[in-house]
Every structure is written in structure tokens, then in C-alpha cells.
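Following: one structure in C-alpha cells, then a few remarks.
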There are 2 protein chains.
Amino acid sequence: MSDSKSNTGRPRRKNMRAAEREKLIVEEAVRFFAESGFEGQTRELAKRMGISHAVIYRHFDSKDALIERVYDHVYLKRWNPEWEQLILDRDRPLQERLTQFYVAYADRVFDYDWVRIFVSSGLKSYGLTERYLGIIRTKIIEPAALELRESRGGPEALPPSDTPPADEIELFWGLHGAVFYIAIRKYVYNIPLEINVEATVRATVANFFEGALHGTRQANMQAF
Amino acid sequence: MSDSKSNTGRPRRKNMRAAEREKLIVEEAVRFFAESGFEGQTRELAKRMGISHAVIYRHFDSKDALIERVYDHVYLKRWNPEWEQLILDRDRPLQERLTQFYVAYADRVFDYDWVRIFVSSGLKSYGLTERYLGIIRTKIIEPAALELRESRGGPEALPPSDTPPADEIELFWGLHGAVFYIAIRKYVYNIPLEINVEATVRATVANFFEGALHGTRQANMQAF
DNA sequence: AACATAAATGACCGATTGGTCACTTATCTA
DNA sequence: TAGATAAGTGACCAATCGGTCATTTATGTT
């Protein structure tokens, strides 16, 4: 019933509605370009779907148009706007907020397709990664830097400004890099990670706030 | 005299010795593949050098063979074996050793060609990045984790073993990621970094040891 | 059942690709 | 200076690539 082949055993062609076919193509293209890079041929993509590659050009004007759709599907749909509020929630310590954000972020974004397509498009410099990292900067990094400044308080607190100094911003880019590098090792460099990603993210954030000199095992335990 | 063109103004062809031509090809190929990715055409590479692309195939069996040589030239020659001793030098605090290492490492490795070719080859998974990161792990990360254990000492020090527990290893991968992510932002994502790389590396290592809660500005100042 | 319409096909096009080869040209040597 | 040898060239090849199109086939409608 849910089998796409008829009972003759020979795979019978089945015409799909345009919307459904497009969706299938985009989804397969995501995985395909993640594996092969954007040089991957439309013919091979089509073969994986059991269709002629001309079908792709019926539904998409060009290969670039398909890649554009792949971007949409991979990037934009994974950003959770609630994260922007989370960082600013002063009812909870900043460390707790960042821990929750990075755990959720890793859960959403750390997968084969997303990471590889993101890095690939960075190398091709379509300008898309810049735009995406702009979101990270303005919605997470800069607010977090301001929040740290606020939470520290004390005599050294400077008058609040809209953009924190570059070195404090860099501090949080360092945290971001420490976390994201987990995904890079796994999906770009193909290093087999036997670790628990969530636990590692928690430990990374904890260490960011407390420092290695204070001991890691305790930090791991009391994280969050 | 050092001009490669004759005085007629027309660029006169000049036959080079095989060794010299090979060297020129590899050096140009490094920059070329860093820009275009490994899909870049040999014809365009040749055009940049003002020669026919058949020359490349006189000196290299195939494009893959050339890429292999590019790997050698980019990776292996930049690793400084003295770094392996540096990490183990117990006459100085671990933080100081790691600061010196990462400053030197960034100085050697953070450039356009190296970073882009490293990431590109990671995506293609020729197995080369795995090998290189194996060096990082066994020569830097694991020794550093053991050294931290040693330097902490105290009642919680466990009996020394050859391989530290996974979570302590991950801690130092986090530091490595925080540092290397600077290069990724700059050369893969094309983010214009107006910051001073060395100062940022120092601050990153300092924060790794001391933690953000203890204040960053002081950490910056007293780093090293 | 018959028609209209949309979906899918396979052959085809022109440009590009890695790679080869017969030939030309520069350089070294006697 | 003449011949030998190595370096470089441009035309060529076969496979691959993105993209098109006339034709065939499936599906919804009457």
C-alpha cells in the first residue's frame, strides 16, 4: 500500500504533483550536496531519486536555483527566535542561559547536512554564511557580552553601550568556536567522536565561565 | 636582469629545469586551489602561470598527483617539532606554555592558503585531515591534559595514566577550537576581523584557564 | 471511455573537463 | 656550430556537465 512499486515487480513510474516533487528534490539535494559538495551532478542526484535529471529542470530554473532552495531549507528553518529572548532573560544566571542556548543550538544544528553545507557555502563565499553569522553576532554574541558586563557589575562596570568592546566580543566568539568546533571535527574532518555532545557542550560552557584552573570534573557535575 | 621578459617587450618563452618548474607549479597550485577549491581547472591554473596546461601533465602524472604535492607543501612543512617539547616543559606554568604554543601556531598556520586547503580537504575526506588532527591530539591535546592533571595535583589527582579521560581531552579540544575558529571566521567565512590575532589568542588561552567570571580585561593584561 | 493537462522521459546540444600526442623550440653539450 | 635532449605548445580526444525539447505516459475531469 505504501509501497511505491506496483505488484508487477517492475517499478512503475508515478507522477507526482509539482509541490510534492519539488519538496522531494530539495530534501534529497540537501543530503546529496552535503556529501558531494555543490559540484555534484544533477544527473547523479536524479539517479538517486530514480528519475530523469530533466525532471529537476522542470521544477527548478537552474542548478543554482536549486542550491538557493537548499540554502533556505537548511539554514533559515533551524533558527529558533526564542533563543534571542533566552539570552536576555535576567531571571537566570548568564551561564545557565548560555548553557541552555548552546545545548539547544547543538541539538538543532549539529548534523551532517547542516554543517557540511554551511562550511561548503562558506568556502564558495556566496555571502550566505556572512549573513548567518551576522545573526549569531547580533542576537547572541553581542547581547551575551553586554549581559556579562551587567552581571559582573562592581566598580569596573563601564557605562552600558550598544556595542561592547572588541575584546569582550571576541571572548564569546571563542566560546562559540569551542562549541562549533565539535561539529566541525565530527562532520567536516570525519573524526569519530565517542563523546556525548550535550555533556561536552555543558562542560565547555562551564569551563568558559569558571576556567580550567578550578577543575573540570566539578564543573561538569555542577553545570546547569 | 631578473626580468623574465626579453628586451623586445614580447614575453619570450623560457624553458626551465624540471625541478624549478615543478616548484613553481606547486606554489601556484596552492594559492589556486585555496581560492577555487580542488574543482579548479588545470587550464586556468596554467593560464595564471602563462604556460600551456600540458606542461602540468609533463611534470605531474595527474591532477590528483598535483593535489597530493599541494598537501605536502601546505601541511607537513608547517609543523614545528619543538612544539612537542614546549608542551612538556615543566619549568614553566602550563598556561604559559599553551599561550606560547598557540601564538606560534597561529602565526604559522593562520593564512589563507593553509586554512582553506585544510578545510577543503576535510570536506573531500582524503583522510589527510584525520592524520593531521591525530598529530594535534597526540602531541598537544593529550599531553596538555596530562600536564593539567599534574599541575593541579592536590587530593583529587588520579594516578597518572597514558590517556586522560575523554572529558578532560575534550576540554582542550575546546580550547583548540576556540583558537582555530578565529581562522575559520577569517578565511572560510570571510568575516573581516579587525582584531589583533595574537592578542586574541592570548586572551582566549587566558580565559580558558581563568574563566570569564574572573574578568577579561585583567586576564588580557596579565596573559603571559 | 475520451479528452485535456501535467509529469516524466531520453535523446540531444554546446561548453568544459582531465589527459594525450605529434610537433616545435629552447637549452645543454661536444 | 651541430646534434642531442629536455621543455613547451596547440590541436585533439573522450567523458562529463548544465540545460533544452519533442515525445511519451500518467492522472484528473467530464
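Any value given below was found using the heavy atoms of this structure, including those in side chains, with hydrogens, waters and symmetry copies removed. Letters go in sequence order (proteins before strands), and every chain restarts at 1.
Comparing H59(A) and E39(B) by the nucleotide of DNA chain C that holds the closest heavy atom to each, the one mapping nearer the 5' end is H59(A). Of the two residues near DNA chain C, V55(A) and F38(B), the one whose nearest nucleotide lies more 5' is V55(A).
For I51(B) and dA26(C), the CD1 to C1' distance is 15 Å, given to the nearest whole Å. Distance, I67(A) CD1 to dG18(D) C1': 11 Å, rounded to whole Å. In this entry the distance linking CE of M49(A) with C1' of dT9(C) reads 15 Å, nearest Å. To the nearest angstrom, C1' of dT9(C) lies 10 Å from CZ of R58(A). Rounded to an integer number of Å, the gap from CD of E20(A) to P of dT27(D) is 12 Å. Following rounding to the nearest Å, D61(B) (CG) and dC21(C) (P) show an atom-to-atom distance of 13 Å. Between E44(B) atom CD and dG18(C) atom C1' the separation is 15 Å, expressed in whole Å. In this structure, I56(A) places its CD1 atom 12 Å from P of dA8(C), rounding to the nearest Å.
On a pure distance criterion of 3.5 Å, a polar donor-acceptor pair joins the side chain of H53(A) and the base of dG19(D).
Residues Y189(A) and W173(B) place their aromatic rings such that the two centres sit no closer than 6.0 Å.
Distances from the side chain of N15(B) to the nucleotides dC21(D), dA7(C), dA6(D) place dA6(D) closest. Checking dG19(C), dG19(D), dT9(D) against every side-chain atom of A54(B), the shortest atom distance belongs to dT9(D). Looking at the side chain of K63(A), the nearest of the listed nucleotides dG19(C), dC21(D), dG18(D) is dG18(D).
Close to dT20(D), at under 4.0 Å from its OP1 or OP2, lies no side-chain N or O of Y57(A). OP1 or OP2 of dA8(C) sits under 4.0 Å from a side-chain N or O of R21(A).
If you check every strand for non-hydrogen atoms under 4.0 Å, S52(B) touches a base. Contact annotation for R43(B): base contact, defined as any heavy-atom pair under 4.0 Å involving a base atom.
Considering every non-hydrogen atom in both I25(A) and I56(A), the closest pair reads CD1-CA, 4.2 Å.
Partner Y71(A) forms a ring-ring contact (aromatic ring centres under 6.0 Å, His included) with one of F38(A), F33(A), Y132(A) and no other, that one being F38(A).
Classification of the Y105(A)-H176(A) ring pair by plane angle, with boundaries at 30° and 60°, yields tilted.
Looking at R31(A) and E27(A), no side-chain N of the basic residue comes within less than 4.0 Å of a carboxylate O on the acidic one, giving no salt bridge.
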